[in-house]
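Here the structure comes first, spelled out in structure tokens, and everything after it is commentary.
Note that the coordinates shown come from a computational prediction; the quantities given were computed from them, not determined experimentally.
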Amino acid sequence: MLAVMKRIFIASRGNPEHLASLFRAQLPDHDVLVEQPDPQGPAVPYIVVGRPLPGVIAAVPGLELVLSLNAGVEHLLASGEVPDHLPIVRLVDEGLAEGMAEWVMAHVLGWHRNLRHYEAIQPAAQWQPKPEKLARERIVTVLGSGALGAPVVQHLLAFGFKTRVWSRSGRPVAGAESFAGRERLIEAVSGADILINLLPLTTETADILDASVFSAMAPGSFLINGARGGHVVDADLIAALDQGQLSGAALDVFRTEPLPPESPFWSDRRILVSPHVAAPTHLDMAVAEMAGNIRRFERTEPIPHLVDRQRGY
Ligand code: NDP
Ligand code: OXD
């Protein structure tokens, strides 16, 4: 008797055919679909999702595992689209970690060595050196010690920055000073020259970057947000910039994406806007990771990076 091939539904709206071909190469013993399966048809145990349209997940028959194309899953949890009994696997892979570390370090070093200042005065042919510090003279705090935060901490340490890392559990990174829990947030950011946000967006972390955090940082400090727009109280950010408490911010993520043309962020010279490109998903790496998780699931082995719905990440 022929074995029935297990089915995978690629529900991504961006180039599902390409994704399907990568899955077929990784899992040739599986049947990969790009069209919504018949709800009355044979079971489809796996779905691969980015931001699925309402109703798509619920209509898949016999679903057992949801594989997210994103590291952040707040949209999947908030939509209520994923039935409670279904496990969700976040995307964690080397490509995301490397990409985020590159984006963060580009901004850290650019601000640390005053590159924007020299760029701004160049048209006026001004020879105006600023006092230049060494990394060892700067305090940098990273919010989030996870798949993206921990590698960033390691890069900062390699450059010599005095590095702190703050997380829910105080997950340590060797060489950095680590802080746990909300009650130690202000201590963790106190006097920081640079603050890097790599938290997931949850009910506990929404609006976390507010006036209380900015005012605890060093005067003239710099914010780097690579996580989610919902972490930042935008009005408090602008106020901190206006007061000179912050000298600038690099923002990759926004409450509304794409960032609307009328957003004041676009024309604010103190803010560096990038269009959610800090850590793009590299599909070849992502599919290899997801295929590995499907194999683990079928061998009934533990799957890493399952979302904990109680924690929200
Ligand atoms: P992880 O789940 O691996 O790490 C999350 C970290 O945040 C953990 O250290 C966790 O603490 C900490 N944390 C969570 N909740 C709290 C809290 N209430 N208080 C203090 N610390 C908390 O996530 P990733 O590193 O993989 O991703 C982080 C985020 O980056 C994603 O959720 C997504 O929003 C964003 N992202 C942005 C991208 C971009 O291109 N801009 C691309 C990919 C992701 P603990 O260690 O104790 O669990
Ligand atoms: C993600 C993202 O969460 O792209 O992967 O932001």
Exercise for the section: On the 0 to 90° scale, with breaks at 30° and 60°, tag the His107-Trp103 ring pair as parallel, tilted or perpendicular. Expected result: perpendicular

Quick check: closest heavy atoms across [X] and [Y], and the distance to 0.1 Å?
{"X": "Leu199", "Y": "Ala227", "value": "O-CB, 3.1 Å"}
{"X": "Ala192", "Y": "Thr141", "value": "CB-OG1, 3.6 Å"}
{"X": "Phe159", "Y": "Leu109", "value": "CZ-CD1, 3.6 Å"}

If the threshold is 4.0 Å, N to carboxylate O, is there a salt bridge linking [X] and [Y]?
{"X": "Arg270", "Y": "Asp242", "value": "yes"}
{"X": "Asp31", "Y": "Lys6", "value": "no"}
{"X": "Arg182", "Y": "Glu204", "value": "no"}
{"X": "Asp29", "Y": "Arg295", "value": "yes"}

Practice task
Flag the pair His112 / Phe161 as yes when their ring centroid distance falls below 6.0 Å, and as no otherwise.
Solution key: yes

Exercise for the section: Answer with yes or no after comparing the ring centroid distance for Phe222 and Trp111 against a 6.0 Å cut-off, counting only values under it. Expected result: yes

Would you give me the side-chain donor-acceptor pairs under 3.5 Å for residues 40-66, sequence neighbours excluded?
residue : atom : partner : partner atom : Å
Tyr46   : OH   : Glu298  : OE2          : 2.6

Exercise for the section: Please name all residues satisfying salt bridge (Lys or Arg N to Asp or Glu O under 4.0 Å) with Asp284, sequence neighbours left out, ordered by chain then number. Expected result: none

Exercise for the section: For the pair Gln243 and Gln245, evaluate side-chain hydrogen bond (donor to acceptor under 3.5 Å, both in side chains) and give the outcome as yes or no after the intermediate values. Expected result: CA-CA 5 Å; Gln243 291 151 9; Gln245 175 59 17; over 6 Å; no

Problem - Partner set under side chain to side chain contact (heavy atoms under 4.5 Å, CB included) for Pro280, not counting sequence neighbours - result: none

Problem - Under the side chain to side chain contact (heavy atoms under 4.5 Å, CB included) test, residues paired with Glu102 that sit two or more places apart - result: none

Practice task
Please determine, by modelled atom types, if Ser221 and Asp193 share a side-chain donor-acceptor pair under 3.5 angstrom.
Solution key: no

Exercise for the section: Could you verify whether a donor N or O on one side chain and an acceptor N or O on the other, from His231 and Asn197, lie under 3.5 Å apart? Expected result: yes

Identify all side-chain donor-acceptor contacts of residues 144-157 below 3.5 Å with residues at least two apart in sequence or on another chain.
residue : atom : partner : partner atom : Å
Ser145  : OG   : Arg171  : O            : 2.9
His155  : ND1  : Pro151  : O            : 2.9

Problem - Connected hydrophobic set around Val253, excluding itself, where side chains approach under 4.5 Å - result: none

Practice task
Treat each ILVMFWY residue as a node, draw an edge where side-chain heavy atoms are under 4.5 Å apart, and state whether Leu201 and Leu185 are in one component.
Solution key: no

Exercise for the section: Indicate yes or no: at least one non-hydrogen side-chain atom of Gln26 is less than 4.5 angstrom from one of Met290. Expected result: no

